[in-house]
Every structure is written in structure tokens, then in C-alpha cells.
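Structure record follows, encoded as C-alpha cells.
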There are 2 protein chains.
Amino acid sequence: MEDETFDDTTEGSSVGTAQRVFHALSSAPRRKILAYLSASGLTAGEIADRFSMSKPAVSQHLSILETAGLIRREKHGQFVHYSLIENNLVNTLNGFVQEVCPVGRPIKKESQARARVKQAP
Amino acid sequence: MEDETFDDTTEGSSVGTAQRVFHALSSAPRRKILAYLSASGLTAGEIADRFSMSKPAVSQHLSILETAGLIRREKHGQFVHYSLIENNLVNTLNGFVQEVCPVGRPIKKESQARARVKQAP
DNA sequence: TCATTAATTAAGGAATTACCTAATTAATTT
DNA sequence: AAATTAATTAGGTAATTCCTTAATTAATGA
């Protein structure tokens with residue numbers, strides 16, 4: 001079976017999961033939304049309040065993150081609650097690192113790597 | 001000191017490292033190039049041969065990957081050799097996962113996660 | 001029921017991206 | 001030196017992205 005991490009044309013015409021996730025992560029506002037949601041679930045309005053852009057713009061970012069499977073949407077009365085789906089993010093990124101970097105290295109070097117990235121970007 | 005993983009406006013006017021890396025990864029051809037380079041270093045021409053798009057188009061993708069610090073460029077005679085810089089990729093992605101997901105989980109769950117992402121995308 | 005609040009969808013425009021072909025730079029070969 | 005090969009830069013276009021305001025849907029409260 002083919003791995004779809006890199007090839008998004010494997011299936012008929014659809015866009016692959018990896019493509020959706022990486023595209024979702026390529027936007028600073030969207031990464032910021034994920035960071036907010038990592039602390040706690042929030043309504044669409046609470047998220048929009050943290051940005052200077054319009055509510056519909058934020059709504060579209062949320063939609064892209066949801067389509068990528070990174071966040072979930074739950075309607076409670078007139079509010080829409082958003083929260084993080086960690087697994088898809090971690091799985092996709094780890095899967096990608098595993099494929100691109102020699103097997104084993106990422107795991108072993110992770111602790112050091114994590115420390116290093118904070119001070120020397 | 002501020003963490004620039006999400007906020008790309010911290011510094012004067014420049015685009016942040018994280019933004020460059022995530023943008024670089026948002027393109028399927030660019031991820032494919034990284035995959036090729038993970039096996040071995042290649043010249044620009046050897047890389048271009050693996051794609052149906054024009055050489056200049058591939059050259060631009062290589063430039064974006066280099067600017068993101070994901071690959072390195074070495075001129076040998078009339079050939080340009082490209083190879084992977086693993087650290088920046090691993091550091092950026094791990095740093096991001098650490099910030100977005102509860103500390104500890106990504107490391108512990110990595111093996112399972114990797115297995116899971118291959119069969120259930 | 002009518003007004004208010006939360007959120008999304010719709011429509012449109014400025015800026016960016018991704019590709020192409022043609023031209024250029026630089027190293028090698030004859 | 002002239003021709004060939006490798007690679008990039010330059011210029012232009014179609015498609016996409018990201019944001020805006022206006023309109024719509026849906027739930028709550030007077």
C-alpha cells in the first residue's frame with residue numbers, strides 16, 4: 001500500500017490528509033489558534049476576540065483546521081465550542097519526521113533537539 | 001524571551017523561522033524533495049528529473065527549502081549538490097508539537113502514533 | 001412574535017503563489 | 001575561443017489565498 005505522506009495524487013482527485021494538515025499549519029493565525037486551544041476549549045467568539053481580524057476570517061481558519069482534522073466542533077445552544085484533536089497533529093508530524101529522517105534518530109535526539117530549538121532558531 | 005513558534009511579528013519586520021519551515025512543508029513537491037534527499041544527496045538536475053515540472057520551477061522549490069534551513073546547497077564544479085539538514089526540521093516540528101500538545105505525550109506515544117498514521121489517515 | 005446575539009455563508013478584491021518560457025551565468029569540453 | 005551542459009534569474013500569467021463587508025441561519029430573551 002502506498003504512503004500518502006508525500007504523494008497527494010495517489011487517490012483519484014482528493015487532497016491527501018498530509019496536504020491538509022501541512023497546509024493548515026502553514027498559517028501563523030491558525031497555529032496561534034491551535035496554541036490557544038491547547039490550553040482549553042473555546043467558543044468561536046472567544047477565539048475571534050483574541051485576533052484583530054474579522055470574525056468571518058477567523059471562522060474560515062477554524063474551518064480549515066477542522067477539515068484537516070486538527071480541531072473538533074461542538075454546538076452547544078447558540079455557541080460553537082472548539083477543541084484540539086491532538087492525535088492527528090502528532091501522528092502526521094511524527095509520521096513525516098520518521099519518513100524524512102533516518103529511522104531512530106528523531107526519537108533519541110528529541111530531548112536535546114527540543115531544548116536547542118528554544119534558544120537557537 | 002519570547003517564543004517565536006506562533007508569533008511571527010515579534011521581530012521588526014522579518015518572517016519567523018517557524019513560518020518559513022511550515023510554509024516550506026505546505027507544498028507536496030517540496031515534501032517530495034525532502035523525501036528524495038532523505039535517501040541521499042542529489043544534484044539539482046537529478047532532483048528535477050524526478051518531477052514532471054520544469055527545471056526552474058524545481059529550482060525555486062529548492063530555494064524555498066534552503067531559505068527555511070531544511071536543505072543545504074554545495075557547489076561542486078558545474079553541479080549543485082543538495083542535501084538534507086535534519087536538525088532544523090526535527091527541532092521545529094518537535095518544538096511545535098511540544099507547545100501545542102500536553103508535555104510528555106508526544107514523546108511517549110511516538111512509536112504507536114507512527115504505526116497508526118500509516119493505516120488510518 | 002420580534003429583537004438580539006452567535007456564528008456562518010456569500011461575494012468580491014488585493015496580494016501572493018506556482019508554474020511556464022526565455023535569457024543569463026558559470027563551468028567544462030573540444 | 002567556441003560550443004555544450006548545469007543551474008539560476010527574469011518576466012509574465014493563471015490560480016489561489018486571505019482578508020474585507022453584507023447577508024443569512026439559528027438560538028435565546030423580552
Side-chain angles (χ1 to χ4, degrees), chain A residues 6-9 13-16 18-34 36-37 40-68 70-83, chain B residues 6-9 13-16 18-34 36-37 40-68 70-83:
Chain A
F6 307 111
D7 182 9
D8 290 308
T9 61
S13 63
S14 73
V15 171
Q19 177 58 35
R20 276 192 295 268
V21 170
F22 280 112
H23 168 253
L25 295 178
S26 72
S27 146
R30 288 195 287 269
R31 292 197 302 279
K32 209 167 178 175
I33 289 173
L34 292 180
Y36 286 136
L37 292 181
S40 74
L42 294 169
T43 67
E46 288 171 327
I47 295 168
D49 287 346
R50 290 164 159 78
F51 288 88
S52 55
M53 77 181 94
S54 74
K55 236 170 131 127
V58 172
S59 190
Q60 283 189 78
H61 284 305
L62 289 169
S63 167
I64 288 168
L65 288 167
E66 195 199 1
T67 298
L70 297 176
I71 64 178
R72 78 174 59 82
R73 218 188 98 98
E74 270 171 300
K75 193 155 191 184
H76 284 302
Q78 92 191 117
F79 295 86
V80 175
H81 233 81
Y82 284 96
S83 57
Chain B
F6 307 112
D7 182 9
D8 290 308
T9 61
S13 62
S14 72
V15 170
Q19 177 57 35
R20 275 192 296 267
V21 170
F22 281 111
H23 168 254
L25 295 178
S26 73
S27 147
R30 288 195 288 269
R31 292 197 302 279
K32 210 167 177 176
I33 289 173
L34 293 180
Y36 286 136
L37 292 181
S40 74
L42 295 169
T43 67
E46 288 171 328
I47 295 168
D49 287 346
R50 290 165 161 75
F51 288 88
S52 55
M53 77 182 93
S54 74
K55 238 169 128 124
V58 172
S59 190
Q60 283 188 82
H61 284 304
L62 289 170
S63 167
I64 288 169
L65 288 167
E66 194 199 2
T67 299
L70 296 176
I71 64 178
R72 78 174 60 82
R73 218 189 97 98
E74 271 172 300
K75 193 154 193 185
H76 284 303
Q78 89 192 120
F79 296 86
V80 175
H81 232 81
Y82 284 96
S83 58

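Here is how names work: the chains are called A, B, and so on, in the same order as the sequence lines, proteins then strands, and each is numbered from 1.
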### Minimum heavy-atom distance between B:A24 and B:L70, given as atom pair plus value
CB-CD1, 4.0 Å
For residues 44-65 of chain A, tabulate all N or O donor-acceptor pairs below 3.5 Å that involve a side-chain atom, not counting sequence neighbours.
{"from": "A:E46", "atom 1": "OE1", "to": "A:T43", "atom 2": "N", "distance (Å)": "2.8"}
{"from": "A:E46", "atom 1": "OE1", "to": "A:T43", "atom 2": "OG1", "distance (Å)": "3.4"}
{"from": "A:R50", "atom 1": "NH1", "to": "A:E46", "atom 2": "O", "distance (Å)": "3.1"}
{"from": "A:S54", "atom 1": "OG", "to": "A:A57", "atom 2": "N", "distance (Å)": "3.3"}
{"from": "A:H61", "atom 1": "ND1", "to": "A:R30", "atom 2": "NH1", "distance (Å)": "3.1"}

### side-chain hydrogen bond (donor to acceptor under 3.5 Å, both in side chains) partners of A:R73, counting only residues at least two apart
none
## Note on the structure
The answer to which of B:L62 and A:H23 contacts DNA chain D further toward the 5' end, by nearest nucleotide, is B:L62
Nucleotides 20-29 of chain D: which of its N/O atoms have a protein N/O under 3.5 Å away?
{"from": "D:dT20", "atom 1": "OP2", "to": "A:S54", "atom 2": "N", "distance (Å)": "2.8"}
{"from": "D:dT20", "atom 1": "OP2", "to": "A:S54", "atom 2": "OG", "distance (Å)": "2.7"}
{"from": "D:dA27", "atom 1": "O3'", "to": "A:Q78", "atom 2": "N", "distance (Å)": "3.4"}

### Message
Between P on D:dA6 and CG on B:L42, what's the gap in Å once rounded to a whole number?
### Response
15 Å
### Task
Return the minimal non-hydrogen interatomic distance between A:L25 and A:L34, and the atom names on each side.
CD2-CD1, 3.5 Å
### Query
Which part of the nucleic acid, if any, lies within reach of A:T43 when heavy atoms closer than 4.0 Å are counted: base, sugar-phosphate only, or nothing?
sugar-phosphate
### Query
Do the side-chain N or O atoms of A:Y82 get closer than 4.0 angstrom to the phosphate oxygens (OP1, OP2) of C:dA6?
no
### Task
Just call it for A:F51: base, sugar-phosphate, or nothing, with non-hydrogen atoms closer than 4.0 Å on any strand.
nothing
### Message
From CD of B:Q19 over to P of C:dT16, roughly how many Å is that when rounded to an integer?
### Response
13 Å
### Task
Check the distance between C:dT17's C1' and B:R20's CZ and give it to me in whole angstrom.
18 Å
#### Entry: Atom of B:S26, atom of B:H23 and distance for their closest heavy-atom approach
OG-O, 2.7 Å
### Message
Could you tell me how far apart B:E74 (CD) and C:dA27 (C1') are, to the nearest whole angstrom?
### Response
17 Å
